[in-house]
Amino acid sequence: MQILSLNVGSSSIKFGVYDMVRETAVFESHVDRPESVPAAWSGILESLTQAGVGPIDAVGHRIAHGAGDYARPVLIDGVVEAAIEHWTPLAPQHNPGNLAGVRLARARWPGIPHVAVFDTAFHRSMPAQASTYAVPEAWREAGLKRYGFHGTSHQHVMEAVARHIGVPASSLRIVSCHLGNGASVCAIERGLSVDTSMGMTALEGLVMGSRCGDLDPGAYPYLMRTLGLSAEQIEKALYEDSGLKALSGISGDLREVEAQALLGNARAQLALQVFGYRVRKCIGAYAAAMGGCDVVAFTGGIGENSPAMRRRICQGFEFLGLHLDDGLNESYRPGARLPVELQQAHSRMKVMVVRASEEWMIARETFGLLKQSGNGLVPGGNSSIPVAVSAHHVHLTQASVEALFGAGYQLTLEHELSQAGYWAASETVDVVAERGRINRVRVLGPCRETNQIEITRTEACRIGIDAPLRLSGNTDDTPTVTIVGPAGKLRSNGLIVAHRHVHASPADADRLGLHDGDRIEVTLGTSAHTTSFADVVIRISAGAALEMHIDTDEANAAGIPHGGEGVLVRADCLATVCRCHGSAQPRPQATIRGSGPASF
Ligand code: ADP
């Protein structure tokens with residue numbers, strides 16, 4: 001099973017494909033400073049193709065801000081996409097890019113699970129004393145809270161350090177320093193994040209490439225009043241024109257700042273001092289907050305690559321028992337797969353470098369969720385099926401079309417449906433029975449040999465008819481209703497409630513281990529809200545698009561949003577095969593007499 005991880009950051013897009021069975025990276029790459037995610041997208045796909053990575057079974061997405069909504073990874077659907085968009089004001093440099101990646105990837109791989117892994121999730125363990133801002137209650141109720149970021153990276157540091165030392169994380173106090181273009185420090189006490197330097201947004205805390213870090217809140221009204229700056233101007237400057245970039249006047253990239261500092265540039269030297277000092281303060285504070293510290297760990301582009309910055313940060317911590325070994329620090333070569341210790345032999349506290357591995361962590365979390373939701377994913381394939389919600393509609397013979405719309409009338413194609421050869425017509429009819437009427441029922445094309453009227457159980461009750469549950473094409477002994485068109489009306493049998501079913505091509509069926517006529521059980525929805533449907537009939541035909549069709553009653557029962565005018569609306573939800581009874585199982589055949597054309 002291969003999982004693609006997509007980590008859209010503020011200054012880069014990192015991505016990787018991981019074999020979850022062998023637990024190895026198949027391919028890893030990144031795009032530095034892309035103009036935008038859509039602009040970089042074709043290059044990403046191209047590099048995956050060139051690397052020959054093979055089929056992708058699921059995609060894990062790094063999502064920066066999930067606020068308090070998500071403590072764990074979730075399957076992405078429309079609701080999750082809306083939440084990511086909703087929290088954009090709290091992560092304006094991240095969530096829009098994350099969402100763009102989600103949308104592009106879901107469009108490229110529509111039939112597989114996409115999982116959101118939130119940066120904020122690891123910090124949900126922060127106690128109130130660390131996560132609460134001392135502001136009016138109404139503001140706190142409006143969401144002002146310290147959420148923290150880089151959670152996936154800090155969690156990875158914790159696990160890697162504990163594994164390396166050979167003790168459980170629950171017996172360690174770690175200060176994890178993720179120093180990259182964005183930077184944060186995290187206090188991890190006995191396996192839990194208890195404080196972190198980023199707060200409600202990714203601006204708080206350390207000095208970063210172009211972000212300011214801590215700033216007296218009194219500065220904002222001052223800037224507004226004295227410089228006449230708007231909130232938008234201030235926000236943009238704090239994210240994009242502050243940090244190392246502003247201090248050095250050179251760049252937000254530490255490499256360039258360090259190079260200029262070595263040449264004697266005073267602004268660059270000050271930038272390094274402010275950057276290092278802020279990290280030092282934070283480490284000291286977190287050691288105090290945890291009542292001690294066993295390991296200070298560095299990760300991220302700066303943490304892994306700049307021995308000078310590590311030295312700057314670590315100096316003066318001898319009173320806490322931290323003694324950096326300058327030789328080990330200088331000789332460390334980035335990229336080591338395992339954590340490397342850089343402290344002197346007698347140092348009570350360890351100093352380590354841990355190679356950042358957010359993409360692997362995202363893949364692992366994604367895999368974990370898929371396994372946990374018990375969706376029957378099998379190595380080398382996936383069992384997820386796109387879902388479409390079918391609203392009431394009719395199939396008509398050409399003779400009926402002429403009776404309802406006029407002699408010689410031809411249906412007008414309005415739009416194609418996902419199943420090749422089937423389309424929604426512009427025309428609608430009314431379906432009338434003794435106790436009621438269903439207006440504007442869409443006609444589907446092309447014309448058929450027999451009329452068939454598909455409505456929901458709720459509608460059948462409303463018009464007072466006991467419509468049988470049938471697979472499309474089986475209209476023997478079905479009730480008769482009146483169909484009313486603009487040019488006439490007719491009486492016709494063929495009223496059914498469509499049996500939920502899955503369309504599959506022979507190749508998809510093979511991959512999923514399904515046979516025509518199988519009745520399977522599937523789970524629909526996200527990990528937060530799932531509904532199981534038993535007795536879903538498999539319909540295999542050449543060229544069929546893999547899709548599960550349920551009607552609006554069933555969608556409502558499963559809490560799947562649909563709506564709009566569409567006759568067959570692709571839902572933001574995947575069905576996952578949980579149990580296949582297989583063709584060998586005795587199947588109740590009563591409702592599947594005949595096997596006419598598939599419903600769409
Ligand atoms: P992010 O994931 O936040 O986009 P990274 O963790 O990839 O950022 O870190 C990128 C930053 O790491 C660069 O902007 C640069 O400041 C720093 N960096 C990378 N290589 C070096 C190096 N050899 N020396 C010093 N700093 C480096």
Side-chain angles (χ1 to χ4, degrees), residues 5-16 28-37 40 61-65 91 93-95 97-98 101 117 119 148-154 156-157 176-186 196-198 201-203 205-213 239-248 250-263 268-269 271-272 274-276 278-279 297-313 329-336 353-362:
S5 277
L6 203 53
N7 176 2
V8 178
S10 57
S11 69
S12 64
I13 303 174
K14 296 174 183 163
F15 55 103
E28 288 180 324
S29 187
H30 65 277
V31 184
D32 266 332
R33 309 207 172 271
E35 197 185 295
S36 66
V37 185
H61 298 263
R62 177 240 181 148
I63 305 297
H65 216 312
Q93 273 197 330
H94 293 86
N95 274 28
N98 298 159
V117 179
D119 261 23
F149 299 86
H150 293 139
T152 308
S153 179
H154 291 305
H156 169 66
V157 166
S176 164
C177 307
H178 177 106
L179 309 179
N181 187 53
S184 69
V185 177
C186 180
T196 189
S197 58
M198 281 179 173
T201 71
L203 279 179
L206 306 180
V207 170
M208 299 172 229
S210 64
R211 283 176 248 160
C212 60
Y239 274 106
E240 295 173 19
D241 299 316
S242 301
L244 287 175
K245 181 179 169 190
L247 288 171
S248 67
I250 300 161
S251 164
D253 190 317
L254 190 82
R255 282 166 287 205
E256 294 174 43
V257 181
E258 285 186 333
Q260 287 300 315
L262 279 177
L263 295 173
Q269 287 167 351
L272 297 181
V274 179
F275 185 99
R278 197 76 69 86
V279 182
F298 292 98
T299 192
I302 295 173
E304 294 170 51
N305 289 288
S306 175
M309 186 52 76
R310 288 196 299 264
R311 182 166 16 88
R312 187 184 287 278
I313 291 168
N329 183 43
E330 291 297 330
S331 62
Y332 170 78
R333 292 287 159 262
V353 184
V354 178
R355 192 175 121 193
S357 197
E358 279 171 293
E359 294 71 45
W360 161 249
M361 288 292 284
I362 291 163

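It should be emphasised that the depicted structure is a prediction, and the values quoted were computed from it without experimental measurement. Just follow the structure's listing: the first ligand is 1, and inside any ligand the first atom is 1.
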- Query: Where do Ala183 and Ser197 come nearest, in terms of heavy atoms and distance?
  - Reply: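 Heavy atoms of Ala183 and Ser197 come nearest at O-OG, 4.5 Å.
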
Do [X] and [Y] come within less than 4.5 Å of each other through their side chains, counting heavy atoms only?
{"X": "Leu254", "Y": "Met309", "answer": "yes"}
{"X": "Tyr239", "Y": "Thr201", "answer": "yes"}
{"X": "Phe149", "Y": "Thr196", "answer": "no"}
{"X": "Val157", "Y": "His178", "answer": "no"}
{"X": "Glu240", "Y": "Gln93", "answer": "yes"}

*Does the Glu359 side chain pair with the main chain of Phe15, one donor and one acceptor, at a distance under 3.5 Å?*
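Pair absent, no side-chain N/O of Glu359 close to backbone of Phe15.
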
Classify the side-chain pair [X]/[Y] by whether it contains a donor and acceptor separated by less than 3.5 Å.
{"X": "Ser12", "Y": "His30", "answer": "no"}
{"X": "Arg211", "Y": "Ser10", "answer": "yes"}
{"X": "Ser306", "Y": "Glu258", "answer": "yes"}
{"X": "Arg310", "Y": "Asn329", "answer": "yes"}

Does an N or O anywhere in [X] fall below 3.5 Å from an N or O of ligand 1?
{"X": "Glu358", "answer": "no"}
{"X": "Gly180", "answer": "no"}
{"X": "Gly301", "answer": "yes"}

Of the protein's non-hydrogen atoms, which lies at the shortest distance from [atom], and what is that distance?
{"atom": "atom 17 (C) of ligand 1", "value": "Ile302 CG1, 3.5 Å"}
{"atom": "atom 15 (C) of ligand 1", "value": "Asp253 OD1, 3.2 Å"}
{"atom": "atom 23 (N) of ligand 1", "value": "Asn305 CB, 3.4 Å"}
{"atom": "atom 10 (C) of ligand 1", "value": "Asn181 N, 3.8 Å"}
{"atom": "atom 16 (O) of ligand 1", "value": "Leu254 N, 2.8 Å"}

Using heavy atoms and a 4.0 Å limit, tell me yes or no: is [X] in contact with ligand 1?
{"X": "His30", "answer": "no"}
{"X": "Ser11", "answer": "yes"}
{"X": "Ala356", "answer": "no"}
{"X": "Gly9", "answer": "no"}

Open item on the list: Can you check which of Lys14, Glu256, Arg255 brings a heavy atom nearest to atom 27 (C) of ligand 1?
Closed with: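 It is Arg255 whose heavy atom sits nearest to atom 27 (C) of ligand 1.
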
Which atoms of ligand 1 are found less than 4.0 Å from any heavy atom of [X]?
{"X": "Gly300", "answer": "6 (O)"}
{"X": "Ser12", "answer": "4 (O)"}
{"X": "Gly182", "answer": "3 (O)"}

* Asked: How does Met309 reach ligand 1, if at all, at less than 4.0 Å between non-hydrogen atoms: by side chain, backbone, both, or neither?
  ->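 The answer is neither; Met309 stays 4.0 Å or more away.
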
